[in-house]
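Read through the structure below, which is laid out as structure tokens, and then see the notes.
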Amino acid sequence: MPLMPKRVKYRKNQRGSRKGFESRAVRVDFGDYALQTLERAWVTTKQIEAARVAITRHLKRRGKLWIRIFPDKSVSKKPAETRMGKGKGAPETWVAVVKPGRVLFEVGGVQEPLAKEAFRLAAGKLPVYTRFITRHG
């Protein structure tokens, strides 16, 4: 089951602005190592799940993983070959709006080389450039 909110106030969102930098969730708060984004994007539920699977497979159930983003924005799409007008399309997927500086994932309880490799694998599943950061550094 994909990540998505249980309930939302409005089913269809406007696209909104992605400008600016992240001010919250910019430090390693829970684990020892983190994956931080360097650019802005919409990260979909499938991309978050693919990255999560890549990390957990590499860690082989050692340590603990924290996912610091949640897809709470719906993205709607009209069917292919549909004429203009007749309202906004149905919600298609859910995305997390990510700005530069946002911590995406954290891990704790593992050695640095293992965490670094797990995050390298996860970064390949994400649509943004990322960097590896540590709690003390």
Side-chain angles (χ1 to χ4, degrees):
M1 195 172 119
L3 279 174
M4 61 187 283
K6 288 187 181 82
R7 284 175 60 230
V8 286
K9 191 167 184 182
Y10 299 108
R11 214 165 64 90
K12 297 176 181 178
N13 284 337
Q14 292 191 339
R15 296 178 78 83
S17 165
R18 298 187 311 191
K19 71 177 196 280
F21 294 88
E22 191 62 55
S23 57
R24 291 144 51 158
V26 293
R27 288 192 302 276
V28 184
D29 291 330
F30 300 100
D32 302 315
Y33 311 106
L35 191 66
Q36 185 182 46
T37 181
L38 299 174
E39 46 182 359
R40 61 195 83 245
W42 282 353
V43 183
T44 67
T45 58
K46 288 182 177 181
Q47 290 163 345
I48 295 169
E49 179 62 12
R52 183 196 67 79
V53 167
I55 293 168
T56 51
R57 286 242 171 97
H58 189 73
L59 296 182
K60 298 184 179 142
R61 295 204 316 225
R62 293 188 297 250
K64 181 158 170 52
L65 172 68
W66 288 268
I67 303 172
R68 299 285 306 272
I69 53 174
F70 186 79
D72 56 356
K73 180 185 188 70
S74 65
V75 175
S76 64
K77 191 169 185 285
K78 292 186 74 127
E81 299 178 18
T82 305
R83 291 185 178 184
M84 292 288 101
K86 306 224 178 356
K88 189 173 167 85
E92 183 94 348
T93 184
W94 294 87
V95 297
V97 180
V98 166
K99 295 178 180 179
R102 178 79 191 210
V103 169
L104 306 174
F105 298 96
E106 291 186 28
V107 294
V110 294
Q111 298 296 316
E112 186 170 335
L114 189 67
K116 210 168 215 170
E117 178 61 16
F119 284 148
R120 186 190 66 78
L121 294 169
K125 314 287 182 199
L126 298 169
V128 287
Y129 284 119
T130 57
R131 70 175 182 175
F132 179 82
I133 58 171
T134 61
R135 183 183 280 274
H136 309 289

Notebook entry, point to check: Do Val43 and Trp66 share a hydrophobic cluster (ILVMFWY, side-chain heavy atoms under 4.5 Å, transitive)?
Noted result: no
Note to self: The criterion is side-chain contact (heavy atoms from CB on, under 4.5 Å); which residues satisfy it with Ala118, sequence neighbours excluded?
What the structure shows: Ile55, His58, Leu59
Item checked: Within 6.0 Å of CZ in Arg57, more than 12 heavy atoms from elsewhere -> no
Next item on the list: State, to 0.1 Å, how close Ser74 and Asn13 come at their nearest heavy-atom pair, and which atoms those are.
Entry: N-ND2, 3.2 Å
Item checked: Hphob cluster co-occupancy, Tyr33 + Tyr129, side-chain heavy atoms under 4.5 angstrom -> no
Checklist line | Gap between atom CD of Glu106 and atom CG of Leu35 - 0.5 Å precision | finding: 10.5 Å
Checklist line | Those residues that, when tested against Arg52, pass salt bridge (Lys or Arg N to Asp or Glu O under 4.0 Å) (two or more places apart) | finding: Glu49
Checklist line | Co-membership, hydrophobic cluster, residues Val128 and Phe105, 4.5 Å side-chain | finding: yes
Note to self: Pair Arg18, Val97 - check side chain to side chain contact (heavy atoms under 4.5 Å, CB included), show working.
What the structure shows: CA-CA 7 Å; Arg18 298 187 311 191; Val97 180; 4.2 Å; yes
Notebook entry, point to check: Should we say atom CD of Gln111 is surrounded by more than 12 heavy atoms from elsewhere, each under 6.0 Å from it?
Noted result: no
Margin query: Tell me whether the rings of Phe132 and Phe119 are parallel (<30°), tilted (30 to 60°) or perpendicular (>60°).
Written below: tilted
Note to self: Nearest 0.5 angstrom please: Phe21 CZ to Arg40 CZ, how far?
What the structure shows: 5.5 Å
Checklist line | Electrostatic pair Lys99-Glu22, nearest N-O below 4.0 angstrom | finding: no
Note to self: On a heavy-atom basis, which atom in Ile133 and which in Val26 lie closest, and how many Å separate them?
What the structure shows: CD1-O, 4.4 Å
Next item on the list: Return yes when atom NZ of Lys116 has more than 12 non-hydrogen atoms of other residues, nucleotides or ligands closer than 6.0 Å, and no otherwise.
Entry: no
Check: Where do Pro5 and Pro71 come nearest, in terms of heavy atoms and distance?
Finding: CD-O, 3.4 Å
Item checked: Residue pair Thr93, Met4: steps toward the side chain to side chain contact (heavy atoms under 4.5 Å, CB included) verdict -> CA-CA 9 Å; Thr93 184; Met4 61 187 283; over 6 Å; no
Margin query: Which heavy atom of Lys78 sits nearest to which heavy atom of Gly87, and what is that distance?
Written below: NZ-O, 2.8 Å
Item checked: CD on Gln14 to OG on Ser76, rounded to 0.5 Å -> 10.0 Å
Notebook entry, point to check: Going only through I, L, V, M, F, W and Y residues with side-chain contacts under 4.5 Å, is there a path from Phe70 to Leu65?
Noted result: yes
Next item on the list: Using side-chain contact (heavy atoms from CB on, under 4.5 Å) as the criterion, list what pairs up with Lys12, not counting sequence neighbours.
Entry: Lys88, Pro91
Next item on the list: Specify the closest pair of heavy atoms between Gly108 and Asp32, including all atoms of both residues, with the distance to one decimal.
Entry: CA-OD2, 3.7 Å
Note to self: Taking Asp29 first and then Arg135, would you say they form a salt bridge - that is, a charged N and a carboxylate O separated by under 4.0 Å?
What the structure shows: no
Notebook entry, point to check: Taking a hydrophobic cluster as the set of Ile, Leu, Val, Met, Phe, Trp and Tyr residues connected by side-chain heavy atoms closer than 4.5 Å, whether directly or through intermediates, do Leu104 and Val95 fall within one such cluster?
Noted result: no
Item checked: Heavy-atom closest contact (Val103 atom, Ala34 atom, distance) -> CG1-CB, 3.8 Å
Note to self: Walk me through whether Gln36 and Arg131 qualify under side chain to side chain contact (heavy atoms under 4.5 Å, CB included).
What the structure shows: CA-CA 5 Å; Gln36 185 182 46; Arg131 70 175 182 175; 2.6 Å; yes
Margin query: side chain to side chain contact (heavy atoms under 4.5 Å, CB included), that's the test. Do Trp94 and Lys46 meet it? Break it down for me.
Written below: CA-CA 9 Å; Trp94 294 87; Lys46 288 182 177 181; over 6 Å; no
